[in-house]
Amino acid sequence: MASAYRLPGRVAEAEGALGAALWDAGCEALLEDGDDLVAVFAADFGAAPNETPSDAVPTVPPGGCWEVVDERDHVAAYFEGLDAVTVGSVVVAPTHRQAVLRSGQTVLWLDPGMAFGTGHHETTRLALAALADPGLDLRGARVLDVGSGSGLLAIAADRLGAADALGVDVDPITLPIARANADLNRSRARFEVSDFAAAPPAPQSVDVLVANLFAELHVAFMDAYARALAPGGRAFLTGILAGKEGAVEAAVPASLRLVRREREGEWWLLAVALAAERGA
Ligand SMILES: C[S@@+](CC[C@H](N)C(=O)[O-])C[C@H]1O[C@@H](n2cnc3c(N)ncnc32)[C@H](O)[C@@H]1O
């Protein structure tokens, strides 16, 4: 069994700060049930959190109530409703849908399972658009996807020509899902369970880093990003909620240059670059 946190009459706020707070609290899926917004969590907290919240219960926005649910029903309903998403030249299609491709488009088949990354969230779309940007040539690049979730971004990088695409995620639940998605797409993208904070990449070992995390983590990881990038390298940082982009920008060290800011809805992507020659 799983737990659901139901917020009556709040469905319109799914894409805004309320939805963001529920994703930050660790929910696995956000569902619409009539006018209600329902956040599904993998753990079974019982009905008790309504009366006696404990440390194990995630901190969620007020105004809702906890329910015990059958996890499979909710997750199946969520994925059943997903359609294909087109971002630049990339079409992300759940395997139960058909994808109609135009010339030059690449399809990524994706079953996100319980991991984040269907291509529907603004932050994933921003990151995908950055990787698929015709001005960025991934051919021959070493790409690192920090917080790879379903594996979508690393798989996209591989399909877009990267020489090596590695996805790392601290959550072990993501590993079999990302690997299965790579197999589904005949992708050579590799995945590892790893905490970026504890095991940052070797210096100058990454040409393109993409990270869909959240603002505070980007601030904490910024120096490690700078060290990991090879000369001329770029990092695309998203998952930054509007209002927090200033803190991330302020953390950009002198060795990196902020080269792009993109916003979709409540979310930002910031792109930073390392000069082609260290010290240039
Ligand atoms: C918002 S999801 C992004 C998933 C996918 N890359 C996408 O863009 O749709 C963030 C992922 O980062 C992972 N994560 C959080 N902290 C991390 C860390 N310190 N090291 C590695 N992964 C981390 C989470 O487990 C989660 O799967």
Side-chain angles (χ1 to χ4, degrees), residues 15 19-30 39 41-43 58 78-79 82 85 87-88 90 92 94 108 110-132 143-160 162 165-182 185 187 189-201 206 208-225 228 235-241 244 262 264-271:
E15 304 249 312
L22 292 163
W23 287 117
D24 281 350
C27 79
E28 306 283 347
L30 274 185
F41 293 79
Y78 175 61
F79 293 132
L82 290 183
V85 176
V87 181
V90 177
V92 184
L108 297 186
L110 199 87
D111 280 327
M114 292 299 286
F116 186 103
T118 59
H120 289 74
H121 197 269
E122 290 94 329
T123 56
T124 310
R125 284 205 304 263
L126 282 163
L128 254 186
L131 293 176
V143 178
L144 178 66
D145 174 7
V146 183
S148 42
S150 67
L152 173 60
L153 299 177
I155 294 168
D158 174 58
R159 295 293 306 271
L160 291 165
L166 171 64
V168 296
D169 201 297
V170 73
D171 185 348
I173 197 178
T174 62
L175 191 64
I177 296 166
R179 286 184 173 161
N181 282 324
N185 288 284
S187 165
R190 301 179 292 122
F191 296 95
E192 291 173 3
V193 175
S194 175
D195 179 353
F196 186 84
V206 176
V208 174
L209 183 149
V210 61
N212 181 3
L213 299 168
F214 51 88
E216 291 78 2
L217 273 187
H218 290 313
V219 171
F221 292 171
M222 193 64 79
D223 289 335
Y225 295 156
F236 300 106
L237 313 178
T238 189
I240 303 166
L241 197 54
K244 298 191 171 185
E262 301 280 348
E264 204 182 316
E266 288 292 297
W267 301 94
W268 281 98
L269 174 140
L270 302 180

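Heavy-atom basis, side chains included; hydrogens, waters and symmetry copies ignored. Sequential numbering from 1 along the given sequence is applied to the chain's residues. Just so you know, ligand 1 is whichever comes first in the structure, and atom 1 is the first atom listed for that ligand.
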Problem set entry | F196-ligand 1 polar pair, N/O distance under 3.5 Å | yes
Exercise. Between L217 and ligand 1, does any nitrogen or oxygen pair lie at a separation below 3.5 Å?
Worked result: no
Exercise. So, N212 versus T123: side-chain donor-acceptor pair below 3.5 Å or not?
Worked result: yes
For this session: Decide side-chain hydrogen bond (donor to acceptor under 3.5 Å, both in side chains) for S187 and D158; before the verdict, give the C-alpha distance in whole Å, the side-chain angles of both, and the deciding distance to 0.1 Å.
Result: CA-CA 6 Å; S187 165; D158 174 58; 2.8 Å; yes
For this session: Return the set of residues passing salt bridge (Lys or Arg N to Asp or Glu O under 4.0 Å) with E122 (not counting sequence neighbours), or none when no residue passes.
Result: none
Problem set entry | Heavy-atom pair with the smallest gap, counting every atom of V143 and A157 | CG1-CB, 3.7 Å
Exercise. Under 4.0 Å from any heavy atom of L153, which atoms of ligand 1 are there?
Worked result: 6 (N), 8 (O)
For this session: Evaluate the side-chain proximity of L175 to I177: yes if any heavy-atom separation is below 4.5 Å, no if none is.
Result: no
Exercise. Just distances here: any N/O of G147 and N/O of ligand 1 closer than 3.5 Å?
Worked result: yes
For this session: Heavy-atom contacts with D171 under 4.0 Å: which atoms of ligand 1 show up? List them by number with element.
Result: 25 (O)
For this session: Measure from the ring center of Y225 to the ring center of F196 and say whether it is less than 6.0 Å.
Result: yes
For this session: Classify the contact between L213 and ligand 1 as side chain, backbone, both or neither, using a heavy-atom distance cut-off of under 4.0 Å.
Result: side chain
Exercise. For atom 27 (O) of ligand 1, which candidate among D169, T238, L128 provides the closest heavy atom?
Worked result: D169
Problem set entry | ligand 1 versus S194: contacting region, heavy-atom distance under 4.0 Å | backbone
Exercise. Between S148 and ligand 1, which residue portion shows a heavy-atom distance shorter than 4.0 Å: side chain, backbone, both, or neither?
Worked result: backbone
For this session: Provide the number and element of each atom of ligand 1 under 4.0 Å from a heavy atom of V170.
Result: 14 (N), 15 (C), 16 (N), 17 (C), 18 (C), 20 (N), 21 (C), 22 (N), 23 (C), 25 (O)
Exercise. If you measure from each heavy atom of F221 to ligand 1, is any distance below 4.0 Å?
Worked result: yes
For this session: List for me each residue that meets side-chain hydrogen bond (donor to acceptor under 3.5 Å, both in side chains) alongside E216, sequence neighbours excluded, and say none if there are none.
Result: K244
Exercise. Just one of L153, L152, N181 clears the side chain to side chain contact (heavy atoms under 4.5 Å, CB included) bar with L108, so which one?
Worked result: L152
Seminar exercise, completed: For D195, the atoms of ligand 1 under 4.0 Å from one of its heavy atoms are 18 (C), 19 (N), 20 (N)
